[in-house]
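Quantities reported herein were computed from a predicted structural model and do not represent experimental measurements.
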Amino acid sequence: QVQLVESGGGLVQAGGSLRLSCVASGRTFSYNGMGWFRQAPEKEREFVAGINWNGGSTDYANSVKGRFTISRDNAKNSVYLEMNSLKPEDTAVYSCAARLAANVGRRGYEYDYWGQGTQVTVSS
């Protein structure tokens with residue numbers, strides 16, 4: 001059974017930082033693209049960041065570019081999201097996802113496996 005488990009969320013003040021982690025089990029994702037998405041209350045899920053199979057290519061939503069960094073460690077079957085200069089509008093449930101394709105994907109339907117999510121709350 002494939003599982004993606006996120007951790008690292010929490011409550012932080014505006015301007016602060018958090019590092020999210022996502023560990024996969026049940027199969028290796030060393031040759032697969034992975035990504036982070038978020039969903040705020042009463043809003044649609046949106047793409048945050050994506051990374052290709054070897055970390056050589058990344059993509060970011062304009063709203064987080066320059067503040068967030070996605071990375072991965074294939075030896076640990078894990079993907080990370082370093083979030084700096086957090087803003088109240090970054091408040092959401094953050095979910096990691098994995099896709100069967102090796103390259104970066106920006107759309108939710110391009111992903112095949114999803115974690116349950118971790119809550120990030122940024123206070124003003």
| Is a side-chain N or O of Asp112 found less than 3.5 angstrom from the main chain of Leu100, in a donor-acceptor match? | yes
| said: Whether the side chain of Tyr31 engages the backbone of Asn54 through a donor-acceptor N/O pair (distance < 3.5 Å, no angle test) should be reported. | reply: no
| request: Drop me the distance from Arg67's CZ to Met83's CE, to the nearest 0.5 angstrom. | output: 9.5 Å
| query | Within the distance-only criterion (no hydrogens, no angle test), does the side chain of Asp90 pair as donor or acceptor with the backbone N or O of Lys87 below 3.5 angstrom? | reply | yes
| message | Using a 3.5 Å distance criterion without hydrogens, assess whether the side chain of Thr121 forms a donor-acceptor pair with backbone atoms of Leu11. | response | no
| task | Using atom types as modelled and distance alone, determine if a side-chain donor or acceptor of Asn52 lies under 3.5 Å from a backbone N or O of Gly55. | result | yes
| task | Could you tell me whether a side-chain N or O of Thr91 sits under 3.5 Å from a main-chain N or O of Val122, the two making a donor and an acceptor? | result | yes
| Tell me, do Arg72 and Met34 make a side-chain contact under 4.5 Å, heavy atoms counted? | yes
| query | Is a side-chain N or O of Glu6 found less than 3.5 angstrom from the main chain of Cys96, in a donor-acceptor match? | reply | yes
| query | Judged by atom type as modelled, is there a donor-acceptor pair below 3.5 Å linking the side chain of Tyr111 to the main-chain atoms of Gly105? | reply | yes
| query | Should the ring pair Tyr94 and Phe68 be called parallel, tilted or perpendicular, given that the plane angle runs from 0 to 90° and is split at 30 and 60? | reply | tilted
| Run the ring pair (Phe, Tyr, Trp, His ring centres under 6.0 Å) check on Trp114 and Phe37 step by step: do they pass? | CA-CA 10 Å; Trp114 291 85; Phe37 290 76; 5.0 Å; yes
| field | Heavy atoms of other groups near Gln119 CD, more than 12 under 6.0 Å | value | yes
| query | Donor-acceptor pair, Asn32 side chain versus Arg99 backbone, under 3.5 Å? | reply | yes
| field | Check: Arg19 side chain, Glu82 main-chain N or O, donor-acceptor pair, under 3.5 Å | value | no
| request: Given side-chain hydrogen bond (donor to acceptor under 3.5 Å, both in side chains), test Asp73 with Ser78 step by step and report yes or no. | output: CA-CA 5 Å; Asp73 185 340; Ser78 297; over 6 Å; no
